[in-house]
Amino acid sequence: MKAFAKLYIELDETTSSNAKLAAMAGYFRSAPAADAAWAVYFLAGGKPRQLVPVKVLRDFAQQASGMPPWLVEECYQSVGDMAETIALLVPPAGADMLAVDAGLSQWMEERLLPLRGMVPAAVLERLGLYWAELDSHGRFVCGKLITGNFRVGVSRLLVTRALAAASGIDGKRIAQRLVGYTDIGHHPRAEDFLRLVAAESGTEGDTRSSIHPYPFFLAQPLQLPTGSFGAQLGPPQDWLVEWKWDGIRAQVVRRTGEIGVWSRGEELVTDRFPEVAAMARLLPDGTVLDGEIVAWTDGTVQAFARLQQRLGRKTLSPRLLEDIPVCLLAYDLLEWQGQDWRTRAQSERRTQLERLVADLRPGSPALQLSPLLAGADWEELDLHRQESRARGVEGMMLKAKTSLYGVGRTSSTGVWWKWKVDPFSVDAVLI
């Protein structure tokens with residue numbers, strides 16, 4: 001825990017990306033695999049549930065500090081964070097106890113996670129023992145993990161780069177292996193970390209053997225005057241032009257008889273969209289589609305507000321599924337017949353996608369092809385773009401016909417662009 005707390009403080013106290021990269025790479029090189037597995041989980045955005053009620057934590061702060069309840073409450077109101085309040089109020093540990101150093105995985109699996117559901121008296125007793133082994137930094141980080149409010153200023157991309165630096169594995173391969181890591185269905189384990197940083201096998205079958213998706217490829221906003229498109233982008237005939245749908249970006253995976261529907265946030269949402277899951281069962285094995293899940297009624301995309309009505313429900317009743325059906329508007333084919341197609345040209349992927357949808361769609365209304373738009377020049381396409389709001393879309397997507405499917409967001413000379421309509425303006429007071 002002390003090594004992870006030290007890493008957290010190093011990351012929190014600097015704004016330098018290079019310094020954060022060096023700190024994480026150093027930690028990954030030296031930490032035991034079981035500890036590194038948990039560290040990757042937290043740094044990559046994994047969010048533990050709150051383990052101890054706030055009231056019990058307040059009682060612990062009062063008991064450990066010897067302060068009256070009103071003073072503990074005043075301290076909390078001043079600081080605004082229970083983990084930091086406890087770290088500041090609890091007296092320092094003795095030097096003999098600070099010599100004890102259990103690892104992050106031991107802390108999580110043997111100490112912190114078992115706190116959930118314990119009676120308050122047992123929680124108070126255990127926290128007293130655990131806090132005696134930690135300095136103020138360790139107590140702060142431990143408190144963050146207990147309250148479920150762990151946040152640190154690093155991006156997932158920076159974590160990927162740190163893993164690549166520590167292991168010598170190409171960053172794109174790390175990014176692919178990292179997809180779904182925070183939604184793996186079990187506690188992070190040593191083998192999960194070792195799989196992330198394993199040497200290249202040449203076949204890399206580890207990714208396709210599961211229902212994990214590929215890293216999502218993202219577009220850059222296009223902010224050029226329409227009149228300069230020709231000089232910057234060339235003729236529109238070099239591009240695939242589609243509507244920019246207002247839905248949920250998703251990948252649908254069908255491998256080894258299993259299916260998975262993944263959101264762009266790398267959440268496994270198969271159960272939330274049973275129509276899409278049923279469609280996925282009809283896909284040939286070894287297929288991965290990229291597209292947008294939208295509310296779909298009578299062959300028309302519905303407003304995102306309709307989809308939100310469904311997303312806000314904990315249970316999906318038959319009536320709700322009937323009233324707000326959804327479908328996947330597919331616009332890319334990432335895997336076909338078990339082969340990774342991301343290194344093939346966009347036009348080739350689109351052609352095969354069209355064949356697949358044509359063969360499958362009569363049996364599944366939950367799969368539709370995102371239509372292509374055409375225009376003699378950029379000015380004509382711009383006229384179509386002005387219809388976006390009436391169509392319930394956000395603008396257009398431009399994808400170079402020769403482009404490959406990358407990882408993350410493209411550079412300023414990107415091959416995927418989002419050409420959005422101007423947002424509505426609002427007069428507001430922000431507090």
Side-chain angles (χ1 to χ4, degrees), residues 1-48 83-84 87 101-109 112 134-184 186-200 206-207 212 215-216 218 265-266 406-409 411:
M1 173 62 82
K2 293 176 183 176
F4 182 67
K6 179 176 179 291
L7 172 63
Y8 178 93
I9 298 303
E10 290 177 347
L11 297 174
D12 190 54
E13 291 182 345
T14 181
T15 58
S16 167
S17 295
N18 288 336
K20 292 180 178 183
L21 179 63
M24 287 190 291
Y27 177 87
F28 293 140
R29 291 191 189 101
S30 61
D35 291 353
W38 275 103
V40 171
Y41 174 82
F42 291 127
L43 296 172
K47 296 178 176 60
E84 186 173 359
D101 190 11
L104 177 60
S105 62
Q106 184 179 348
W107 269 90
M108 290 303 305
E109 295 162 23
L112 300 188
L134 299 171
D135 60 14
S136 60
H137 290 159
R139 291 171 176 180
F140 174 69
V141 173
C142 196
K144 286 291 189 181
L145 297 176
I146 288 174
T147 58
N149 291 325
F150 184 88
R151 301 287 187 277
V152 63
V154 296
S155 67
R156 192 182 183 90
L157 176 59
L158 201 60
V159 176
T160 301
R161 290 174 57 196
L163 287 167
S167 64
I169 303 299
D170 181 77
K172 291 183 179 179
R173 182 63 67 191
I174 294 289
Q176 181 171 325
R177 295 172 176 178
L178 194 57
V179 170
Y181 188 90
T182 56
D183 194 11
I184 51 182
H186 58 257
H187 297 154
R189 300 179 298 208
E191 52 264 39
D192 297 319
F193 176 76
L194 295 175
R195 193 178 297 116
L196 282 178
V197 297
E200 300 271 10
D206 58 322
T207 297
H212 280 189
F216 283 83
L218 308 178
E266 296 181 8
V407 174
R409 199 171 301 282
S411 67

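This is a predicted model, so every value here is computed, not measured. One is the number of the first residue; the rest follow in order along the sequence.
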- Message: With rounding to the nearest 0.5 angstrom, report the CG to CD distance, Leu196 to Glu191.
- Response: 11.5 Å
- Query: Could you walk me through whether Phe28 and Val197 pass the side chain to side chain contact (heavy atoms under 4.5 Å, CB included) check?
  - Reply: CA-CA 10 Å; Phe28 293 140; Val197 297; over 6 Å; no
- Item | Minimum heavy-atom distance Tyr27-Ala36, with the two atoms named | CE2-CA, 4.2 Å
- Looking at Thr15 and Lys20, what are the two nearest heavy atoms and their distance? CA-CE, 4.4 Å
- To the nearest 0.5 Å, what is the distance between CD (Glu10) and OG (Ser16)? 12.0 Å
- Message: Nearest 0.5 Å, please: how far is NE2 in His187 from OG in Ser105?
- Response: 12.0 Å
- Message: Strictly distance-based, threshold 3.5 Å: is any side-chain N or O of Asn149 a donor or acceptor partner for the main-chain N or O of Lys144?
- Response: no
- Parallel, tilted or perpendicular: which describes the rings of Phe42 and Phe150, with under 30° parallel and over 60° perpendicular? tilted
- Query: So, do Trp38 and Glu109 sit near enough that their side-chain heavy atoms are less than 4.5 Å apart?
  - Reply: yes
- In Å, rounded to the nearest 0.5 Å, how long is the span from SG of Cys142 to CZ of Phe4? 10.5 Å
- Message: Contact between Ser167 and Ile174 at the side-chain level, heavy atoms closer than 4.5 Å - yes or no?
- Response: yes
- Please report the closest heavy-atom contact between Ala37 and Ala190, naming both atoms and the distance. CB-N, 4.3 Å
- Query: Less than 4.5 Å apart, any side-chain heavy atom of Met1 and any of Leu145?
  - Reply: yes
- Donor-acceptor under 3.5 Å (Tyr181 side chain, Gly46 main chain): no
- Message: I'd like to know if Asp192 pairs up with Arg195 as an ion pair, taking the criterion as any Lys NZ or Arg NE/NH1/NH2 lying under 4.0 Å from an Asp or Glu carboxylate oxygen.
- Response: yes
- Does the side chain of Leu163 come within less than 4.5 Å of Val159's, by heavy atoms? yes
- Task: Could you tell me the separation between the CG atom of Leu158 and the CG atom of Asn18, rounded to the nearest 0.5 Å?
- Result: 8.5 Å
- Message: Is any side-chain heavy atom of Ile169 closer than 4.5 Å to one of Arg177?
- Response: yes
- Heavy-atom donor-acceptor pair, Thr14 side chain to Leu11 backbone, under 3.5 Å: no
- Item | Arg156 side chain to Leu178 backbone, donor-acceptor under 3.5 Å | yes
- Heavy atoms of Ala165 and Ala25 approach each other most closely as CB-CB, 4.2 Å
- Given side chains that start at C-beta, do those of Phe140 and Leu134 come closer than 4.5 Å, heavy atoms only? no
- Task: Compare all side-chain heavy atoms of Phe193 with those of Pro188 and state whether any distance is below 4.5 angstrom.
- Result: no
- Query: How long is the gap from CE on Met108 to CD1 on Ile146, to the nearest 0.5 Å?
  - Reply: 9.0 Å
- Item | Main-chain N/O of Ala164 paired with Arg173 side-chain donor or acceptor, under 3.5 Å | no
